[in-house]
Amino acid sequence: MIQKKQIKTGGLAGVVAGKSSISTVGTGHGLNYRGYDIYELAKYASFEEVAYLLLKEKLPNAKELAEFKEKLIHFRALPDRLKEVLKLIPRDAHPMDVMRTGVSFLGNISADDKLVDVRLLGILPSILAFWHNFHVHGKEIDTQSTKEDIASYFLEKLHAFSKPSSKVSLALSPLGTEVMNASLILYAEHEFNASTFVARICASTNSDTYSCITAGIGTLRGNLHGGANEAAYELISEFKDTKDALKGIKAKLDSKAKIMGFGHRVYVDNDPRNVIIKSYSQKLANKLNDTRLYDISEVIEKEMWEQKKLFPNLDFYSASAYHFLGVPTAYFTPIFVISRTSGWLAHIFEQRKDNKLIRPSSEYIGLDKQSFVALKDRK
Ligand code: COA
């Protein structure tokens, strides 16, 4: 007889599932990418330097960075066949599905060669901006730009045909670039999170890079993972003021609802990335002279800590920060994709260096052995 034993698998919490030299997360070392502190990287580095660090295992010198950026710029251009596919994806599709299909289709028309990392990192902002402008404004973006960095290139192309507004002006200002750059750095890498683990599993079967990234995007989409930034905006925008927010959060907690943008599998009492994005959210709100959403966010943060000892993760204040830059809510998680692809790629390459198929086992909790019953005799 097969022994039945009820165990709580607990989503692999606390399980060390492999070795990695890419980042430390909540392990007593703080958050570091290849040994570099996240606070220093977010303050002093460009996203391109950080992507290079993750991929090539060292910070680039000036020449290496210039060459890397040149390749990223080269790969902003969208192949005609990919443009046709993007035009076919309906306007009401979720932009995460656009990213997934974009990468998947690219895998049909591009090689999985030494340039796959720069090809993907270079083209992702163009995929999102092209689809957006084609379906919302009926216009095709020109992927040529004088902007050398991904942060300002993305904001420029996203708002290529946006109506002038204070949010759009802020997005196109140096502060807009600074916030987007820091946000891309903060989202770039986070050890064995769900989407990275999936990308590594895919790589461990000797699959191709496009398939690994497509799998990562599909996994990031859910609101317990990357989709939380979008869900967090939906939450804060429900409330008209801080009083309303306080009442609303209490009611949600009473009904045992999950509050999106709070809590973390690995961190216990704070997410080190929060302080950086929170201060940018406040800066942007002050610049816009409209702190309502920021104030609502702070009230929720305070109440969540008082009632549940839960803290905001990176997604919570990213929601208001992106909103202040005029980014449509559904594009919050695709921005996460633009960034996290650097981490996914680093993990895919690391997995391939010393590969072993990732294939755990499960504990069987099903029926005991059964005798087969012919179809005619079944009730
Ligand atoms: N709001 C309300 N309660 C929460 C919560 C949240 N955001 N996050 C955790 N909790 C509560 C759970 O309800 C559970 O309570 P219980 O023991 O009384 O049932 C307890 O805290 C443990 O939560 P659990 O979901 O089992 O922990 P986990 O490690 O599996 O989950 C997350 C981690 C991130 C999935 C979880 O905190 C969550 O769902 N957060 C919201 C989504 C989010 O922001 N995701 C982005 C993560 S970076």
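Note that ligands are numbered from 1 as they come in the structure, with each ligand's atoms numbered from 1 the same way. Basis for what follows: all heavy atoms, side chains included, without hydrogens, waters or symmetry-related copies.
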With respect to [X], determine whether any N or O atom, backbone or side chain, lies less than 3.5 Å from an N or O atom of ligand 1.
X	result
I259	yes
L224	yes
F262	yes
G261	yes
R273	no

Whether the [X] and [Y] side chains hold a donor-acceptor pair (N or O, under 3.5 Å, no angle test) is what I'd like checked.
X	Y	result
R119	Y210	yes
Y317	S279	no
E350	S21	yes
R81	N108	no
N229	Y187	yes

Heavy-atom contacts under 4.0 Å between [X] and ligand 1: side chain, backbone, both, or neither?
X	result
H225	backbone
L310	side chain
D315	side chain
A257	backbone

Minimum non-hydrogen distance to atom 28 (P) of ligand 1, winning option of K252, R265, Q307, K309: R265
Numbering as shown, the atoms of ligand 1 that approach [X] to under 4.0 Å (heavy-atom distance):
X	answer
K308	3 (N)
A228	43 (C), 44 (O), 45 (N), 46 (C)
G263	34 (C), 37 (O)

Same cluster (ILVMFWY, side-chain, under 4.5 Å), L288 and V179: yes
Within-shell test, N223 vs ligand 1, heavy atom, strictly < 4.0 Å: yes
Geometric class of the F68/Y52 ring pair [parallel <30°, tilted 30-60°, perpendicular >60°]: perpendicular
Electrostatic pair E57-K353, nearest N-O below 4.0 angstrom: yes
Of E303, M304, H264, the residue whose pairing with L310 passes side chain to side chain contact (heavy atoms under 4.5 Å, CB included): M304
